[in-house]
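First the structure, in the form of structure tokens, and then the observations on it.
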2 protein chains.
Amino acid sequence: MAQGRRRAMPSREQLRIWRDYIETTELLRTRLEGRLQSESSLSSADYRVLLALSEADRTTLRSSALAERVGWQRSRLSHHLARMEKRDLIRRTPCLDDVHGVDVHLTDLGAESFRRGSVPHLRSVHELFVDALTPEQLAGLDAAVTALREHLDPEDTGLSRRRDTGRNS
Amino acid sequence: MAQGRRRAMPSREQLRIWRDYIETTELLRTRLEGRLQSESSLSSADYRVLLALSEADRTTLRSSALAERVGWQRSRLSHHLARMEKRDLIRRTPCLDDVHGVDVHLTDLGAESFRRGSVPHLRSVHELFVDALTPEQLAGLDAAVTALREHLDPEDTGLSRRRDTGRNS
DNA sequence: CTCCGGGGATTGACACGTCAACTCTGCACG
DNA sequence: CGTGCAGAGTTGACGTGTCAATCCCCGGAG
């Protein structure tokens, strides 16, 4: 590209795409969130936690392991678990084999909520996201997102970016 | 698409793209936000408000007009304006020609903050977004986002999405 | 004149995240 | 022995957003 050393500004058109991108993504996110909420009274944060616990051995994880999986700050997890515990979706118990450390268990209510929410949620992803795009558009999006991610990663200090190992949304 | 009438679930690959898309976008958003914050002590919400006011006649807008422009719920705007007023970025005065209604003015500090934040912010958009993508990737992203937006719009009840006064879609 | 409805804006309760400070306990080192 | 630091979690203060209730003042019936 012919940009000199001077740090460049986005063109009008680039800015338009940027805004559309951000706003549309935001809208999509809140739509999904709303559906999940009304179908199962779960936020997407709740969902992530319940998903991780559902897949865990004996539906229990060490708090730190859970933080790993969902890619959150410990503090955020702690706050969120406190709220979820109040709603009886999970329970925390001191961890036996490690004096520090807390075991987070899925409760029956938590398991049930997750079960009820899961399928509709995945269907919503299909309806609102997959259905909207042709295969070419999906591939194009993937390519762009991958490029963005790679551009971002070197500078990566902050957020999630989990070493992906499998599963669900 | 060859999906039958049954409501479909996303495939593993589609889900992977979905997750990457959402997470990367989120990461990008917080990166930008962080830069804006450190460069000018403004959140992107602040920025939007200040931008709208900067462009307004006499750097003043009726609260309702402002809500229109930034696409927020009145309640959200009210809360945010209260916080911004506390920081002396804007000021609210009762509106003369309409007994209901409040005029929101840009203060000198607000104008100054916006001026200081604006150029670096646009540069950040260029660096973190535009620079990451080839022209083809940018076009691909635009196409996908446009498709998503169009898919979403019919169902539009909730958020922003400007009611484009003339034409539809 | 009084009562009512409705638009504009504010408020309060609450959920969520972030940052920084703090607790608690085990272990290494002098 | 201490002293103290490091790891696991928690807590508090605060900014932000949502929803629902409320306030305020208008203008039009009765």
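Labels below follow one simple rule: chain letters A, B, ... track the order of the sequence lines, proteins then strands, and each chain is numbered from 1.
Look at CG on B/Asp98: it is 13 Å from P on C/dG7, rounded to the nearest Å. As a whole-Å value, the separation of B/Leu89 CG from D/dG15 P is 13 Å. The CG atom of A/Leu96 sits 16 Å away from the P atom of C/dT25 (whole-angstrom rounding). Separating the CD atom of B/Glu26 from the P atom of C/dC16 is a distance of 15 Å, rounded to the nearest angstrom. Regarding A/His80, its NE2 atom lies at a distance of 16 Å from the P atom of D/dT11, rounded to whole Å. For the pair B/Leu66 CG and C/dA9 P, the computed distance is 10 Å after rounding to whole Å. B/Gln73 places its CD atom 11 Å from the P atom of D/dA20, with the value rounded to the nearest Å. As rounded to whole Å, 12 Å separates atom P of D/dT10 from atom CG of A/Asp103.
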Please list, for nucleotides 10-12 of chain C, all pairs of protein and nucleotide N/O atoms separated by less than 3.5 Å.
unit_1	atom_1	unit_2	atom_2	d
C/dT10	OP1	B/Arg92	NH1	3.0
C/dT10	OP2	B/Ser78	OG	2.9
C/dT10	OP2	B/Arg92	NH1	3.3
C/dT10	O5'	B/Ser78	OG	3.4
C/dT11	O4	B/Ser75	OG	3.4
C/dG12	O6	B/His79	NE2	2.7

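In the hydrophobic clustering of ILVMFWY residues, with side-chain heavy atoms under 4.5 Å counting as a link, A/Leu109 and A/Leu51 come out together. Linking ILVMFWY residues whenever their side-chain heavy atoms come closer than 4.5 Å, directly or via other members, places A/Met9 and B/Leu28 in the same cluster. Residues B/Val49 and B/Val102 do not share a hydrophobic cluster, defined by chaining ILVMFWY side chains whose heavy atoms lie under 4.5 Å apart.
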(message) At under 4.0 Å between heavy atoms, how does the protein contact nucleotides 21-26 of chain D? Give one character per nucleotide, 5' to 3', with B, S or -.
(response) ----BS
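Within the model, atoms CZ of B/Phe129 and OG of B/Ser124 stand 13.5 Å from one another, a figure rounded to the nearest 0.5 Å. Here the CG-CG distance, from B/Asp108 to B/Asp88, works out to 9.0 Å after rounding to the nearest 0.5 Å.
Within the 4.0 Å cut-off from OP1 or OP2 of D/dG15, not a single side-chain nitrogen or oxygen of B/Ser43 is found.
B/His126 and B/Asp131 share a side-chain donor-acceptor pair at under 3.5 Å. Under 3.5 Å, the side chains of A/Tyr21 and B/Thr25 contain a donor-acceptor pair of N or O atoms. Inspection of the B/Ser75 and B/Gln73 side chains reveals no N or O donor paired with an N or O acceptor under 3.5 Å.
Residues B/Arg116 and B/Glu39 are not paired through a salt bridge, judged by the lack of any N-O separation under 4.0 Å between the basic side chain and the carboxylate.
Within the nucleic acid shown, A/Arg62 comes within 4.0 Å of sugar-phosphate atoms alone, with no base atom in reach, counting heavy atoms only.
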